[in-house]
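Shown next, in structure tokens, is the structure this report addresses.
The figures that follow rest on heavy atoms only: side chains count, while hydrogens, waters and symmetry mates do not. Numbered from 1 within each chain, the chains take letters A, B, ... in sequence-line order.
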2 protein chains.
Amino acid sequence: MSSKEKYLGEFEQFLLLSILSLGDDAYGTTIRQLLADKIERDVTIGALYTTLERLEKKGFVESKMGEATRERGGRAKKYFKVSASGEQALKRSKQALNTMWQDVTLRGEHSCE
Amino acid sequence: MSSKEKYLGEFEQFLLLSILSLGDDAYGTTIRQLLADKIERDVTIGALYTTLERLEKKGFVESKMGEATRERGGRAKKYFKVSASGEQALKRSKQALNTMWQDVTLRGEHSCE
DNA sequence: TTATATAAACTACAATGTAGAATATATTAA
DNA sequence: TTAATATATTCTACATTGTAGTTTATATAA
């Protein structure tokens, strides 16, 4: 019982990837929007923040508060970025999945290329 | 609220992929072994069957009982195979993840090739 | 000073992940 | 023939992750 490195859940992976994609503009609303646009996954904003908070507790993301948007008022944004260990975890998950897919071909699919 | 196609959890994906890899020899012990060998994921056999059963309930795998092993006795094996809708679900999960990875590059990684 | 827009925090529950003990069933040895 | 042992599944319980919905905070404009 040594390396008890927990795997990321799938939704956690999606959030980390969203944040990486968004760069300096990753906060609740933009993340939610990206998920909807890219993979048609419509989650409530509450679902999002809950998972984001858990990721932060595990040290996979870091956050800092920004100022309220100048456009039309409102509460301050909370910007997220993926930590080094978050990237690590992401890489591990990707590799595991790649390994598992390695010698699998689905019906009506071509293995590669 | 139309297409309520649930995503597969990550562990569910691993099990489906294991079964596909194992072909005609996919049952509790071999699946568990494959997971340990390929991705160093050591799950208890109980964890495995629980998830397998849930996958079956959702129609993503099918099972049939085999005969007891001739080698040295013991209980009959339960063989699993992935259903067409299981493959579908797997494909969807893969695509979603691919899409999310699309424009992400990790530190110290080369994007492709 | 209230309406409205923007965004985050809180609360609660459902689904998935995981372990460990209990049970079933076949073979082999005494 | 029955106790020991090997192989394999089923059952029970709990932890973690996924998800929704409501509430609260805070800024601007009317």
Side-chain angles (χ1 to χ4, degrees), chain A residues 1 4-16 18 22 25-33 35-36 39-58 60-61 63-80 89 93 96, chain B residues 1 4-16 18 22 25-33 35-36 39-58 60-61 63-80 89 93 96:
Chain A
M1 291 83 213
K4 215 44 311 181
E5 337 216 34
K6 303 279 299 181
Y7 280 85
L8 295 165
E10 192 178 53
F11 187 52
E12 291 179 318
Q13 288 181 56
F14 284 150
L15 291 198
L16 292 180
S18 298
L22 288 163
D25 195 40
Y27 67 97
T29 306
T30 52
I31 295 172
R32 178 154 181 272
Q33 193 57 48
L35 251 16
I39 57 171
E40 280 158 344
R41 184 134 165 175
D42 297 297
V43 288
T44 58
I45 195 74
L48 212 96
Y49 284 115
T50 304
T51 300
L52 246 12
E53 194 172 305
R54 288 173 188 158
L55 283 171
E56 186 159 29
K57 197 162 292 172
K58 290 192 271 186
F60 293 149
V61 304
S63 68
K64 66 161 195 282
M65 297 305 286
E67 316 90 63
T69 190
R70 228 82 278 202
E71 307 143 28
R72 210 263 169 262
R75 192 169 175 169
K77 293 167 183 164
K78 188 172 190 177
Y79 290 102
F80 291 88
S93 293
Chain B
M1 289 82 211
K4 233 354 5 150
E5 339 217 30
K6 302 279 301 178
Y7 281 84
L8 294 165
E10 192 178 52
F11 188 52
E12 292 180 318
Q13 288 180 57
F14 284 149
L15 291 198
L16 292 180
S18 299
L22 289 163
D25 196 40
Y27 66 99
T29 306
T30 52
I31 294 171
R32 178 154 182 272
Q33 193 57 49
L35 251 15
I39 57 171
E40 279 157 347
R41 184 134 167 177
D42 297 297
V43 288
T44 58
I45 195 73
L48 211 97
Y49 283 114
T50 304
T51 299
L52 246 15
E53 193 171 305
R54 288 173 188 159
L55 284 171
E56 187 160 28
K57 196 163 295 172
K58 290 192 273 186
F60 293 148
V61 304
S63 68
K64 66 161 196 281
M65 298 305 286
E67 315 91 63
T69 190
R70 230 80 278 197
E71 308 143 26
R72 210 259 168 265
R75 191 167 175 170
K77 292 167 183 162
K78 188 173 189 175
Y79 290 102
F80 290 89
S93 294

Protein-nucleotide distance (A:K78, atom NZ; D:dT24, atom P), rounded to Å: 18 Å
State, to 0.1 Å, how close A:S18 and A:I31 come at their nearest heavy-atom pair, and which atoms those are. CB-CG2, 3.9 Å
The side chain of B:V43 lies closest to which of these nucleotides: C:dT18, C:dA7, D:dT19? C:dT18
Check the distance between C:dG17's P and B:D42's CG and give it to me in whole angstrom. 17 Å
Integer-rounded Å distance: C:dA15 P and B:F60 CZ: 14 Å
Return the polar atom pairs (N/O with N/O) between nucleotides 16-18 of chain D and the protein under 3.5 Å, or none.
{"from": "D:dT17", "atom 1": "OP1", "to": "A:K58", "atom 2": "NZ", "distance (Å)": "3.3"}
{"from": "D:dT17", "atom 1": "OP2", "to": "A:K58", "atom 2": "NZ", "distance (Å)": "3.4"}
{"from": "D:dG18", "atom 1": "OP1", "to": "A:E10", "atom 2": "N", "distance (Å)": "3.0"}
{"from": "D:dG18", "atom 1": "OP1", "to": "A:F11", "atom 2": "N", "distance (Å)": "3.0"}
{"from": "D:dG18", "atom 1": "N7", "to": "A:R54", "atom 2": "NH1", "distance (Å)": "2.6"}
{"from": "D:dG18", "atom 1": "O6", "to": "A:R54", "atom 2": "NH2", "distance (Å)": "3.1"}

Would A:R41 pass as a cation-pi partner of B:Y7, given that its NZ or CZ must be under 6.0 Å from the six-membered ring centre and within 45 degrees of the axis? yes
Applying side chain to side chain contact (heavy atoms under 4.5 Å, CB included), can you list everything that pairs with A:S63, at least two apart in sequence or on another chain? A:E56, A:K78, A:F80
NZ/NE/NH1/NH2 to OD/OE distance under 4.0 Å, A:E12 and A:R54: no
Side-chain donor or acceptor of B:Q33 paired with backbone N/O of B:T30 under 3.5 Å: no
Would a distance-only check, ignoring hydrogens and angles, find a side-chain to backbone donor-acceptor pair under 3.5 Å from A:T51 to A:L48? no
In whole Å, I'd like the distance from the CG atom of B:D25 to the P atom of D:dT7. 15 Å
Protein-nucleic acid N or O pairs under 3.5 Å, nucleotides 21-24 of chain C:
{"from": "C:dT23", "atom 1": "O2", "to": "B:R75", "atom 2": "NH1", "distance (Å)": "3.3"}
{"from": "C:dA24", "atom 1": "O4'", "to": "B:R75", "atom 2": "NH1", "distance (Å)": "3.4"}

Nearest heavy atoms of B:F11 and B:A47, plus distance in Å: CE2-O, 4.1 Å
Considering heavy-atom distances to DNA chain D, does B:A47 or B:T29 have its closest nucleotide positioned more toward the 5' end? B:T29
